[in-house]
Every structure is written in structure tokens, then in C-alpha cells.
Amino acid sequence: MTRVLSAVVLLLLAVAPVWFASAPVFFVAGELLLVLAFAEYLSLARASHHPVPALPACVAAMLVFASFARAAVGGVAVPLDVVLLSALVALGALTLPRWQGGGASGPGAARADGADALGLAGVGLFPSLYLGLPLGAMVAVREARGPAALSLLMLTVIVSDTAQYYTGRAFGRRLLAPAISPKKTVAGAVGGFVFGALLLAVLGAWWLPEVPVALRAVFGAAIVALGIAGDLFESMLKRSAGVKDSSALIPGHGGVLDRIDALLFAAPVYYVVLKYV
């Protein structure tokens, strides 16, 4: 019952801003969601023994988000290429003081404190790509194509996830990726593809009428595939950190990352297809 009630509340919290919030309010809601997701990412990274320069990495991700979602704030934003280049330089420079002091020297020598220069730089920059870009892309889709277009993406992922869960429980025997997720099955993935692609093909007749039905079905299948990849990727991060959920923020559902993991991989491609294809 807790899981069901939480799901109802989550659905209302997701649907209401998409359809009824003004552009600036939706922008702020997206930034808050990013900060919550970043806090969980920070916890996972530290549990995996990867220290993150928290404030600079979070600010960089928020700026990348703002650059993608600039239409929501009246077009005022730093260009995305400037943001990414600045983030790369700043976060790379912040690796230096963390690397200083102690340890062996010379090619191939291991440091006494176990610091990893590539890891230190990578975990700081990664939130800009993993969180800032996709969440910013979702805001950009809403502002460019309206609430229906963004809702179609979200509903496709939600229906696919639900279908994977129930078809997997009913028919699942063979695991999809046993080393990463012990619950995802091949049968569940098939159910997700069928229902997710069907939903986008059908609802797209009203919400994306300019896209032919065959292309909508293929598009839906691609979104489902990306969602499954995003889900498995986040499961890999959690398994590496030795935790079951990204947090306990949402009763019965884990954390923010657990709820948006599929969208983080699907949203950028959805954005690109709607804008350029």
C-alpha cells in the first residue's frame, strides 16, 4: 500500500508541473530535482570511494541544465559550449590540490592514499552530462513543443517500466542482466517494448501528429531501449556502491535517481529527434 500511495503522489507531482506550471516555475522545479539527484549521486560516488568536489560539480551541472533550458528563463543563458569548457577546466583544476601531497612518484607508481586522478576529474564532470543535460533537455522539450510532447516521453517510460515489472513477474524466467540487476528479465523487457512503443504510437496521433505512425512506433521502441539502458546503468552505480537504492527519500520507491534513471538516457535522444529529425 505504501508503494501504491507513493506512486500516486509521485504521478501527481510529475504531471501537475508539466501541465500547469509557468515556464520559470518549471525551470526552478527542474533545478531542484537536479540538486536532489546530485545529492544521491554524491552519496553513491563517495560510497564507491570517489571523492567529488561537491559544490563546483553541482554548480556546473546546474549551469549545463540552465543552458539547455534557457527558453524557460527568457533566453538568458551562457552558451552550452562555454559552460562545458569552463566546467572541464575548473573541475580539472580542482583535481590538483586533492592530488597533492604524499604517495609514490614515477610512471605506474601507486599513491599511498589511493587517489585516482582520472577518477577525481571524471566524477566531478560526470553530473553535468548525466544530470544537467537530460533534465535540461526535458525542460527544453516542454518549452519548444508544449506539455504534451514532454508528457508523451514521461508516459512512455512510465508505461514501459510498469509493463516490465508485471510481465517480468508473470512470465520472466531468464534474467536480462544478472550481474547488474537480479530482477530484470527478458520477458519483462519484451513487455516494456510492446506497451511502450504502442503507447507512443497511439498517443502520438494527438500529441505528435506530424510524426508518421510507423516512425512513432520505432521511436517508442528506441525510447524503451534507452530507458532500460538508463535503468541498468543506475543499477550498476548502486551495485558498485554496495547499496540497494540511491536513497530512502520516496517510501517504497527508493530515491530520485531510482525514479528518473530511465529518463536520463531517453530524454537527450528524444530532444534530438524532436528538434532535428
Under 3.5 Å, sequence neighbours excluded: what are the donor-acceptor pairs made by side chains of residues 123-142?
unit_1, atom_1, unit_2, atom_2, d
S128, OG, A61, N, 3.4
R142, NE, V18, O, 2.7
R142, NH2, P17, O, 3.3
R142, NH2, V18, O, 3.1
R142, NH2, A21, O, 2.4

Can you give the donor-acceptor pairs under 3.5 Å from side chains of residues 185-208 to other protein atoms, not counting sequence neighbours?
unit_1, atom_1, unit_2, atom_2, d
T185, OG1, G188, N, 3.0

Please output the side-chain donor-acceptor pairs of residues 265-277 that fall under 3.5 Å, not counting sequence neighbours, one pair per line with the distance.
unit_1, atom_1, unit_2, atom_2, d
Y270, OH, A149, O, 2.5
Y271, OH, K275, NZ, 3.3

Just list the side-chain donor-acceptor pairs under 3.5 Å for residues 237-245, sequence neighbours left out, or say none.
unit_1, atom_1, unit_2, atom_2, d
K238, NZ, K244, O, 3.3
K238, NZ, D258, OD1, 2.9
R239, NE, A179, O, 3.4
R239, NE, I180, O, 3.1

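Summarising the geometry, atom CG belonging to L263 is positioned 11.0 Å from atom CG belonging to L226; distances are rounded to the nearest 0.5 Å. Atom CD of E31 sits about 8.0 Å away from atom CG of L63, to the nearest 0.5 Å. Note that CE of M154 and CD1 of I260 are 10.5 Å apart. Values are rounded to the nearest 0.5 Å. Once rounded to the nearest 0.5 Å, the distance linking CD1 of I223 with CG of L155 reads 13.0 Å.
Under the 4.5 Å side-chain contact rule for hydrophobic residues, V218 and L153 do not share a cluster. Cluster annotation: L34 is connected to L249 through the hydrophobic network of ILVMFWY side chains, with a link wherever side-chain heavy atoms come within less than 4.5 Å.
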In sequence, state the C-alpha distance, the side-chain angles, and the governing distance for F26 and L150, and then conclude on side-chain contact (heavy atoms from CB on, under 4.5 Å). CA-CA 12 Å; F26 192 71; L150 179 56; 3.7 Å; yes
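In this structure, R46 has no side-chain hydrogen bond (donor to acceptor under 3.5 Å, both in side chains) partners at least two apart in sequence or on a different chain. Applying the side-chain contact (heavy atoms from CB on, under 4.5 Å) criterion to V35, with sequence neighbours excluded, gives C58, M62. For D231, the salt bridge (Lys or Arg N to Asp or Glu O under 4.0 Å) test picks out K184, with sequence neighbours left out. Remark: T167 pairs with no residue by the side-chain hydrogen bond (donor to acceptor under 3.5 Å, both in side chains) rule, at least two apart or across chains.
Every pair tested for side-chain hydrogen bond (donor to acceptor under 3.5 Å, both in side chains) that includes a residue from residues 213-224 fails, sequence neighbours excluded, so the list is empty. Residue pairs meeting the side-chain hydrogen bond (donor to acceptor under 3.5 Å, both in side chains) criterion with at least one partner in residues 149-160, sequence neighbours excluded, are W19-S151, S160-Q164.
Looking at every heavy atom in both residues, L232 comes nearest to A177 through CD2-CB, 4.1 Å. Residues A23 and E143 approach most closely at CB-OE1, 3.4 Å, considering heavy atoms.
Side chain of E40 to main chain of S246: no donor-acceptor pair is present (N/O by atom type, distance under 3.5 Å, no hydrogens or angles).
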